[in-house]
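Because the structure is predicted, anything quoted here is derived from the model rather than measured. Numbering starts at 1 and runs along the sequence shown. Note that ligands are numbered from 1 as they come in the structure, with each ligand's atoms numbered from 1 the same way.
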Amino acid sequence: MRTECLINGEWVGADSGKTFEVTNPATGRVLTSVPRMGGAEARRAVDAAFAAWPAWRSRTAADRGKLVGELGRAMMRDQDRLAGLMTAEQGKPLGESKGEIAYAASFLEWASEEGKRLYGEIIPASAAGKRILVLRQSVGVAAIITPWNFPAAMITRKLGPALACGCPVVIKPAEDTPLSALAIAELAEEVGIPAGVVNVITGEAKAIGGAWLDDDRVRKLSFTGSTEVGRVLMKGASEHLLRLSLELGGHAPFLVFDDADLDKAVAAATACKFRNAGQTCICANRFIVQEGIHDAFVERFAEAINDLKVGEGTGDGVSIGPLINDAAVEKVESHVRDAIGKGGTVRAGGERVRIDGLADRFYAPTLITGMTPEMKIFREETFGPVAAVTRFKDEDEGVRLANDSEYGLAAYFFTRDASRLMRVAEALEYGIVGANDGGPSTAQAPFGGVKHSGFGREGGRYVMDEYTEIKYVSWGL
Ligand code: NAP
């Protein structure tokens with residue numbers, strides 16, 4: 001595959017000739033090297049995108065949609081290859097990687113259709129000789145910065161709608177997982193997306209981000225990543241009043257009420273907590289379980305956790321791969337140590353898993369009971385395979401504990417009481433609520449957070465607002 005970057009339809013290295021290594025987190029072995037680009041290349045990518053904008057926005061929505069749809073189909077055609085690449089650079093089990101490629105392609109398919117429905121409006125005017133027309137137009141060059149945990153889907157969730165709305169893009173993937181991004185760029189070129197419309201560069205995050213924040217021709221920044229970096233970008237964006245979408249960290253509560261369907265709750269908890277070894281922004285992290293069902297839930301959850309197999313993502317039956325790097329394992333260890341030190345009890349896992357011939361980055365799926373709000377695990381994203389449980393007495397207390405977080409991305413709850421279902425869904429201060437559902441993500445729904453989880457929505461018709469400006473024409477007859 002290509003290991004240079006794509007700028008203006010050309011595959012190029014860094015001006016300095018420098019590269020950085022991409023490693024397989026499971027084995028620690030180097031896969032390849034990619035360019036270490038900086039501000040100069042970032043500006044050239046904007047030159048290309050800005051120059052490509054007039055022609056791209058002038059195409060019909062159907063024409064743009066056709067190419068966006070073809071990109072999605074090319075990804076599905078190459079699903080196995082792209083999944084193998086993702087598992088190699090990110091570590092997640094192969095089945096999950098295949099699932100992510102399908103999920104990533106679904107955003108392109110959705111956007112390819114939705115671009116045709118960017119309707120304007122005619123508003124009744126206040127004077128007989130006037131008409132008011134509302135137009136929706138592409139915002140212009142969109143910069144896209146993405147994290148390592150979903151190397152393909154976090155790109156297409158932005159790329160599809162941006163392209164469909166007529167915006168050319170400049171993309172910087174995470175340093176840990178640049179290969180999936182470059183593979184998507186290669187397919188974009190193959191399906192005939194014109195030179196300059198999709199540009200992908202790898203390298204120095206600060207220099208690249210800084211160049212884009214400083215460039216007036218960049219009209220939109222869509223960022224998915226940590227709240228910490230989101231804050232930095234928001235400060236930088238103030239100079240040019242750059243439009244932002246910030247998809248930031250999460251710390252999802254998972255409430256189980258006494259009247260919940262226990263089988264469904266345990267199955268959802270297991271899938272939702274341990275997908276991608278717990279390294280997802282909408283992972284359930286804080287399990288808040290009502291007194292009457294607490295012990296049964298913990299017992300069943302521990303059994304399910306003990307059935308999960310840890311290993312290299314390519315291994316048969318593996319459901320927990322490595323963590324992305326050494327710092328990630330150390331963070332998990334520090335959260336578990338802190339929880340034990342503050343009175344928590346380990347009911348499953350609780351330590352690294354060492355596997356012959358592989359890197360020391362595997363952590364056993366872990367269950368801790370007796371979580372309290374004083375523990376780090378209650379306050380910070382653990383971003384690892386650790387579930388912590390606490391108990392609550394009544395609905396008010398459960399909702400209060402669930403909302404006791406600076407984050408507001410996803411929340412889950414299980415109940416069979418229809419009145420409670422609506423009450424609790426309304427009371428949870430989160431952008432996404434899984435009510436008897438542990439897997440809410442889908443291309444047609446508006447994904448996004450509140451509070452320190454950011455703002456802006458990706459998915460569904462709402463995402464199109466992120467890449468379009470509204471203009472009105474007051475038309476004197
Ligand atoms: P991160 O450290 O914030 O990095 C995200 C991206 O920002 C990477 O491409 C990174 O580049 C880049 N970056 C870092 N510093 C930058 C700067 N000063 N200027 C411009 N770009 C900069 O996050 P991560 O560790 O990759 O991802 C995990 C985080 O993402 C978690 O907090 C998770 O909850 C969040 N997340 C949120 C969502 C959502 O939809 N809300 C989805 C997935 C993940 P380098 O890799 O080169 O440093």
Under a 3.5 Å cutoff, is there a donor and acceptor pairing between the side chains of [X] and [Y]?
X: E175; Y: W148; result: no
X: Q444; Y: T442; result: yes
X: T87; Y: S97; result: yes
X: H335; Y: T382; result: yes
X: Q90; Y: N276; result: yes
X: T27; Y: E312; result: no

Is the contact between [X] and ligand 1 made by the side chain, the backbone, both, or neither, using heavy atoms and a 4.0 Å cut-off?
X: I282; answer: neither
X: P173; answer: backbone
X: F447; answer: side chain
X: R157; answer: side chain
X: M154; answer: side chain
X: E381; answer: side chain
X: T280; answer: neither

Just which atoms of ligand 1 are under 4.0 Å from any heavy atom in [X]?
X: L233; result: 19 (N), 20 (C)
X: F223; result: 3 (O), 5 (C), 6 (C), 7 (O)
X: E247; result: 37 (C), 38 (C), 39 (C), 40 (O), 41 (N)
X: A174; result: 8 (C), 9 (O), 46 (O)
X: T224; result: 5 (C), 36 (N), 37 (C), 38 (C), 39 (C), 40 (O), 42 (C), 43 (C), 44 (C)

Please state which protein non-hydrogen atom is closest to [atom] and give its distance, to 0.1 Å?
atom: atom 24 (P) of ligand 1; answer: W148 NE1, 3.4 Å
atom: atom 46 (O) of ligand 1; answer: E175 N, 2.9 Å
atom: atom 6 (C) of ligand 1; answer: T146 O, 3.4 Å
atom: atom 36 (N) of ligand 1; answer: C281 CB, 3.5 Å
atom: atom 10 (C) of ligand 1; answer: K172 NZ, 4.0 Å
atom: atom 12 (C) of ligand 1; answer: I145 CG2, 3.7 Å
atom: atom 2 (O) of ligand 1; answer: S226 OG, 3.9 Å
atom: atom 18 (N) of ligand 1; answer: K206 CG, 3.5 Å

Going by an N to O cut-off under 4.0 Å, is there a salt bridge joining [X] and [Y]?
X: D78; Y: R81; answer: yes
X: D326; Y: K331; answer: no
X: D404; Y: R400; answer: no

Practice prompt. Taking the side chain as every heavy atom from C-beta outward, state whether I324 and N149 have any pair of such atoms under 4.5 Å apart.
Written response: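 Result no, sub-4.5 Å side-chain heavy-atom pair not found.
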Worksheet entry | Candidates T19, V12, D15 - the one meeting side-chain contact (heavy atoms from CB on, under 4.5 Å) with M37 |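 Answer after filtering T19, V12, D15: V12.
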Worksheet entry | Nitrogen or oxygen of S453 less than 3.5 angstrom from that of ligand 1 |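 S453 vs ligand 1: no N/O contact under 3.5 Å.
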Worksheet item: Within the structure, does D176 bring an N/O atom to less than 3.5 angstrom of an N/O atom in ligand 1?
Response: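 No; the residue has no nitrogen or oxygen that sits under 3.5 Å from a nitrogen or oxygen of the ligand.
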Check each of [options] against [atom] and report the one with the nearest heavy atom.
atom: atom 41 (N) of ligand 1; options: L248, N149, I208; value: L248
atom: atom 14 (C) of ligand 1; options: N276, T227, V229, L409; value: V229
atom: atom 20 (C) of ligand 1; options: G250, P147, A205; value: A205

Worksheet entry | T156 versus A104, closest heavy-atom pair with distance |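 Minimum heavy-atom separation between T156 and A104: OG1-O, 2.9 Å.
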Item to complete: Report yes or no: is the cationic atom of K92 (NZ for Lys, CZ for Arg) under 6.0 Å from the centre of the six-membered ring of F150, at an angle within 45° of the ring normal?
Response: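 Verdict for F150: a cation-pi partner in K92.
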Worksheet item: Is atom 4 (O) of ligand 1 less than 4.0 angstrom from at least one protein heavy atom?
Response: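 So atom 4 (O) of ligand 1 lacks protein heavy-atom neighbours under 4.0 Å.
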Worksheet item: What about F301 and F287, are their ring centers closer than 6.0 Å?
Response: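 Judged by ring-centre distance (under 6.0 Å), F301 and F287 do meet the cut-off.
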Discussion item. I'd like to know whether the aromatic ring centres of W110 and F447 sit less than 6.0 Å apart in this structure.
Written reply: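 When the ring centroids of W110 and F447 are compared, they turn out to be at least 6.0 Å apart.
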Practice prompt. Would you confirm whether E466, through its side chain, and V463, through its main-chain N or O, come within 3.5 Å as a donor-acceptor pair?
Written response: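 Not a single qualifying donor-acceptor pair exists.
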Discussion item. Heavy-atom contact check, 4.0 Å cutoff: does W212 meet ligand 1?
Written reply: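 W212 does not count as a contact of ligand 1 under the 4.0 Å cut-off.
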